[in-house]
Amino acid sequence: MPTQELPKQYRPGEHESRIWERWLASGAFHADPSRVLGGQAAPYAILIPPPNVTDRLHLGHALNNTLQDILARRARMQGFETLWMPGTDHAGIATQAVVEKRVYAEEKKRRGDFTRDAFVARIQAFKDEYEAVITGQLQKMGCSCDWERQRFTMDDQCAKAVREAFFRLFRDGLIYRGKRLVNWDPALQTAVADDECFDEEVDSFFYYLRYPLVHKGGEKPQSVDDAVPVTWNELARRGYPGAEHQPGETQAWVTVATTRPETYLGDVAVAINPHDPRAAALRGLHVELPLVGRVIPILEDSYVVLPEAMARTDEEKNDPKAKFATGFLKVTPAHDQNDYEIGQRHKAEIEGAGHAVLINVMAPDASISDNHGWTDVNDAKIFVGLTREDARAKVVAEFKSRGWLEAQRPYRHSIKHSDRTKAVVEPYLSDQWYVRVTDPRLAQAANRALHDKDLAFHPDRYAKTFEQWHENIRDWCISRQLWWGHRIPVWSSSAFFSESLELQLDQWKSESKIDFGIVDRLGGQFATHMSATTSVCVRPGNDDVEKRLVEMGFTQDPDVLDTWFSSALWPLSTLGWPGDTPELAAFNPTSTLCTAREIITLWVSRMVMFNRYLHGEGQGHGPVPFRDVFIHAVIQDGQGQKMSKSLGNGVDPLDIIASHGADAMRFTLCHMTTQTQDVRMPVDLVCPHTDDTFTPKYITTKDGYVVQAPIQESPRDKSKKMVTVYGVASGETKATPDMPLAKNTSAKFDLGRNFANKLWNAARFAMGILANAAGDAPAVIDPRELSLPDRWMLSRLHDAVTSADQALKSFEFSVYAQVVYDILWRDFCDWYLEAIKPSVAADPRQQRVLAAVLDAILRLLHPIMPFVTESIYEQVRSLPRAQIRGLTLREPGRDGLLCTAGWPLCDASLANADAAAEFERVRGLVTAIREVRATQNVHAKRLVTLHVPAARMDALLAHESLVAGLCQLGQVTTQRADGVSATFTFEAAEFGLSNLADAVDAGAEVERLTRQIEDLDKAIKTLGGRLSNESYVAKAPPKLVQETKDQLAKAMAEREAAAAALGRLAPSK
RNA sequence: GGGCGGGUAGCUCAACCGGCUAGAGCGCUCGCCUUACACGCGAGAGGUUCGGGGUUCGAAUCCCCGCCUGCCCA
């Protein structure tokens, strides 16, 4: 295409899809493990953090994937066999919830109206839809993934890995069944997820219950008779504040405050804050639960809220619970999440008192029951069988009648309810599966990777997050009461086994088809007696065994695995594990993982543990899944709120690609990725009716978030409306033909758009020169033979490549963006192109340098702006070339594509300090002349005359035409300017400019010179002050002192020259 | 409660080991449609580096105290 026909602006939409097709057709992104295994290339692999199929990607994902693509493309150009593995995550809870909502909204049907298989099919269809959307988004962004290898965490290959991993962990005793509190809907008798609940304020009461104090009896404390009452007199002796005011010889008590008195049946302790003045006096004492007779310890735990009167700080005083608190908290671990944690923290003390930490006093329908873990019922049998509401009334009545109810105060608070049934959600103990990550082969193995330097975080402070997580890790609950996910591969039976059945199971076990795990909390490994359950895990690929088990009366666990279980296997499953595949051999361990902070514990940690446990020699000694983990910033909206689906403030990358282009988006995102800061992204809307960009109206949600109002008016025509992403996401509005969805945009991306455009035009200009140029140049050019601008440009190129290499090596993405910005715009466009304009048409060698430098810059920019660079490269490639000694530009490997060309390599010989210094002088002089021209309003085209002090003429002569071209000089002379002229100082000498105009604005000159003198005076004062400080001269490094002296001398000389010029202009001053 | 960040120009962010008159982009002011680019060119204005103490010849940078703010884990 002739250059003249290239449009003046780079229009991304005209290039992106064509370039994408060329890339795909070339197979450039497809990795070949055999090249690694055959030793022809070193591997470089990145695993995509698989996005949830729940929703479209937003700008946070765009950032995440841009960074990965930059790393992948550069590695590919550097000659690594590069695999960027793409895929998506099934995101169990989130996806199922989204589909349930959608199905209800559209068909008014609930999950229970479908069979499990039918409903899973609906989710599957939803997943297919969003997987396609996400893939499209990534491809539009230019992501150079190996698309032929795309995976999904629930596809067959990943499912096999999940089954095998579960089997091995189960077999090795690292998976067990245990109890945990879940949100329980007693009406449906099922667990519900957090996002299936809503909070609602209800009017209720705080009840104040008195528990009598006792000394625990002998070795069998559960025997009520052994407990000895504690009297107020005794408490007074122990220093209990206020005890002396109580009737001395009667039994003392403590008062707990609770909103749920019926749960007292399951209390296992009473807790007090260690800072409570009463704590010391109570140490070692117990209380006896009324009617139940259970003797339970008094614990000290700082979770307990101090009553208002004892609060030590305003913060404590302002705790809303402080008004109601007594300082004593009943601890019911089986019926309250916070109490559960207190129970875990004080396990030993509670068990030391002779009973379990978890005492469940309810049946699944939330009625009081002694069949689900409660044994010491005693006189409390009067409550058994009551509903939780009736039980509450009766507990209160019983306490009251015995004088144990101290008070009852109205209290309004919010309570969790089930979406479906509106029933109050009950924290309820249920059976769950766990991975014993506390085993040293898992958690410790992960930390060892850090200490052995097999694994590194960037920035490295995140290593601490990783390390501390593993040090404090708790076993991982992996079961979820959902339908969407990997079904737990365990079949159980509580039946009595015949001998032949046992033989059959043993046979399968010996063939490694199944394994027995830890069966249940009773701990039986083998269950051949009635009360226990036998659970077997079936290895993948034994469908016949599964079938037979069902025939024998076994049923498969209905739960599915936590999504993170399959994500944790991502480095293995995507590469074909448990198969012995070339991909696995070539690319695991992978090279770099790019992700966000909160993922360190959720995902990074688990991948490290599983890879080390399951791969290679395994058992915690296997390889790490990746060597470097880069943690990048979080993109917030304009208000500093994190982008999220629920807030509806996520910006679709396709919107930005539409307004600015993919390259502009990528460049800007990369430019924002500094090491410490999260980034804010204020967005505007594009009116779908008029294409105007405008700032939307905002509203504050009831939760206090600031979001775009659901409906917006067109700025030019108020009658035209549109809806926002928030409006749709919140369900408040819907897009219609009259009211379409408005796209987002942000002026932030102008940076990248302008930069892409600058590159486009620089290339357009260079092509214009080079396409028409004639003349022969040597095939090999030695930089030493070149002109100053050429030598300088090559030296700058060397510096830029070195800096870019360093920046990317240390994952400093914004530095990389900065470096390429400066080399292209500041160096290549502002100075180099301007400098060679007069000479390049007639200088074939300079033409070769121009072509080579442009080519090198395209390569340097390709990872961050792949589309525009590839488009330009289509033409640059065909230019006549010469080898510039010291600069290596390897030819493309496939189809002439830049994405397969070599990363620029600059020999140290290209660095040229002399050329840099010399060019810097030219630049200084040019800038000084331009400043005078600007002050004097000299027209851009007017050629002015430069008057040079005779002593400086020789130095200048060599670069006269260069300077002349850069600031429109007509003549250069050693004669003094007479008549209409201006003066300026450069390198402490006085220069003149004439022929500026018909008259010189003396006032402007005086102002400029005066300002200059003021600046110099300031500098002289600073520098002089530094030198007059004896300690500075004595203690600072001599080099620095000398530097200061030189600077001072120069400033003083400049000041003198400027003052002289000023004196001539305005002798009176 | 534990851990990790941030507070620098009107805005968004830089500033390596403590050392350049604290930089860049946007915005602003002035002049230019200078045949690559007005998504541009040239020239400018703009900062008590959150507050207070300390260490040092020298502090945006290190230490202590305080204030504000974000995130992760519990």
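Residue numbering restarts at 1 for every chain, and letters A, B, ... go by the order of the sequence lines.
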Cation-pi geometry met for A:Lys758 and A:Tyr821 (6.0 Å, 45°):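 No.
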For [X], give me all partners under ring-ring contact (aromatic ring centres under 6.0 Å, His included), at least two apart in sequence or on another chain.
| X | result |
| --- | --- |
| A:Phe828 | A:Tyr832 |
| A:Phe667 | A:His671, A:Phe755 |
| A:Tyr340 | none |
| A:His61 | A:His58 |

Given atom [atom1] of [X] and atom [atom2] of [N], what is their separation to the nearest angstrom?
| X | N | atom1 | atom2 | answer |
| --- | --- | --- | --- | --- |
| A:Met672 | B:U12 | CE | C1' | 9 Å |
| A:Asp684 | B:C11 | CG | C1' | 13 Å |
| A:Gln936 | B:C32 | CD | P | 14 Å |
| A:His470 | B:G2 | NE2 | P | 23 Å |
| A:Lys1045 | B:G19 | NZ | C1' | 16 Å |
| A:Phe667 | B:A24 | CZ | P | 16 Å |
| A:Gln818 | B:U12 | CD | P | 18 Å |
| A:Lys748 | B:G27 | NZ | P | 13 Å |

Reckon [X] touches a base, only the sugar-phosphate, or nothing at all at heavy-atom distances under 4.0 Å?
| X | value |
| --- | --- |
| A:Arg933 | nothing |
| A:Leu1040 | base |
| A:Ile769 | nothing |

Using atom [atom1] in both nucleotides, what's the gap between [N] and [M] to the nearest angstrom?
| N | M | atom1 | value |
| --- | --- | --- | --- |
| B:G51 | B:C11 | C1' | 23 Å |
| B:C37 | B:G47 | C1' | 33 Å |
| B:A15 | B:G25 | C1' | 15 Å |
| B:C57 | B:C13 | C1' | 32 Å |
| B:G5 | B:A43 | C1' | 39 Å |
| B:U49 | B:G7 | C1' | 10 Å |
| B:U34 | B:G23 | C1' | 29 Å |
| B:C39 | B:C20 | C1' | 34 Å |

Polar pairs (N or O, both sides) under 3.5 Å between protein and nucleotides 53-59 of chain B?
residue : atom : partner   : partner atom : Å
B:C57   : OP1  : A:Lys1035 : NZ           : 2.1
B:C57   : O2'  : A:Asn1029 : ND2          : 2.8

Which residues pass the side chain to side chain donor-acceptor pair (under 3.5 Å) test with A:Asp830, not counting sequence neighbours?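 Here the qualifying residues are A:Arg826.
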By side chain to side chain donor-acceptor pair (under 3.5 Å), which residues pair with A:Glu874, not counting sequence neighbours?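 Expected list: A:Arg18, A:Arg22.
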Taking OP1 and OP2 of B:A14, is either one under 4.0 Å from a side-chain nitrogen or oxygen of A:Thr674?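 Answer yes for this pair, as a side-chain N or O of A:Thr674 is under 4.0 Å from OP1 or OP2.
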So, is A:Arg942 near the phosphate of B:G31, with a side-chain N or O under 4.0 Å from OP1 or OP2?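 For B:G31, neither OP1 nor OP2 has a side-chain N or O of A:Arg942 closer than 4.0 Å.
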Between the side chains of A:Asp822 and A:Gln818, is a donor N or O closer than 3.5 angstrom to an acceptor N or O?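 No - no donor-acceptor pair under 3.5 Å links their side chains.
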Whether the A:Tyr816 and A:Ser803 side chains hold a donor-acceptor pair (N or O, under 3.5 Å, no angle test) is what I'd like checked.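 No - no donor-acceptor pair under 3.5 Å links their side chains.
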Among the nucleotides B:U12, B:G25, B:U21, which one has an atom lying closest to any side-chain atom of A:Leu751?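 Of all the options, the side chain of A:Leu751 is nearest to B:G25.
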Report the base-pairing partner of [N] (Watson-Crick or G-U wobble, both distances below 3.5 angstrom), or none.
| N | value |
| --- | --- |
| B:C4 | B:G70 |
| B:A24 | B:U12 |
| B:C62 | B:G54 |
| B:C41 | B:G31 |

Could you tell me whether B:C17 is syn or anti, where syn means a glycosidic angle within 90 degrees of zero?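 Judged by the O4'-C1' to base torsion, B:C17 sits in syn, the angle falling within 90° of 0.
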Letter by letter from the 5' end, nucleotides 69-74 of chain B scores (B base, S sugar-phosphate only, - none; protein heavy atoms under 4.0 Å) -SSSSS
Letter per nucleotide, 5' to 3', of nucleotides 34-49 of chain B [B base touched, S only sugar-phosphate touched, - untouched; heavy atoms, 4.0 Å]: B-BBSBSSSSSS----
Partners meeting side-chain contact (heavy atoms from CB on, under 4.5 Å) with A:Pro274 (sequence neighbours left out):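 Applying side-chain contact (heavy atoms from CB on, under 4.5 Å) to A:Pro274 gives A:Glu300, A:Ser302.
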Taking side-chain contact (heavy atoms from CB on, under 4.5 Å) as the test, write out the residues that go with A:Glu1056, two or more places apart.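 None.
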With A:Arg11, which of A:Glu14, A:Gln9, A:His15 fulfils side-chain hydrogen bond (donor to acceptor under 3.5 Å, both in side chains)?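 Going through A:Glu14, A:Gln9, A:His15 one by one, the side-chain hydrogen bond (donor to acceptor under 3.5 Å, both in side chains) with A:Arg11 is satisfied by A:Glu14 alone.
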Please collect all salt bridge (charged side-chain N to carboxylate O under 4.0 Å, His left out) contacts where either partner lies in residues 930-940 of chain A, sequence neighbours excluded, each pair once.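 For residues 930-940 of chain A, and leaving out neighbouring residues, there are no salt bridge (charged side-chain N to carboxylate O under 4.0 Å, His left out) pairs at all.
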So, do A:Asp655 and A:Thr745 sit near enough that their side-chain heavy atoms are less than 4.5 Å apart?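 A side-chain contact under 4.5 Å is absent here.
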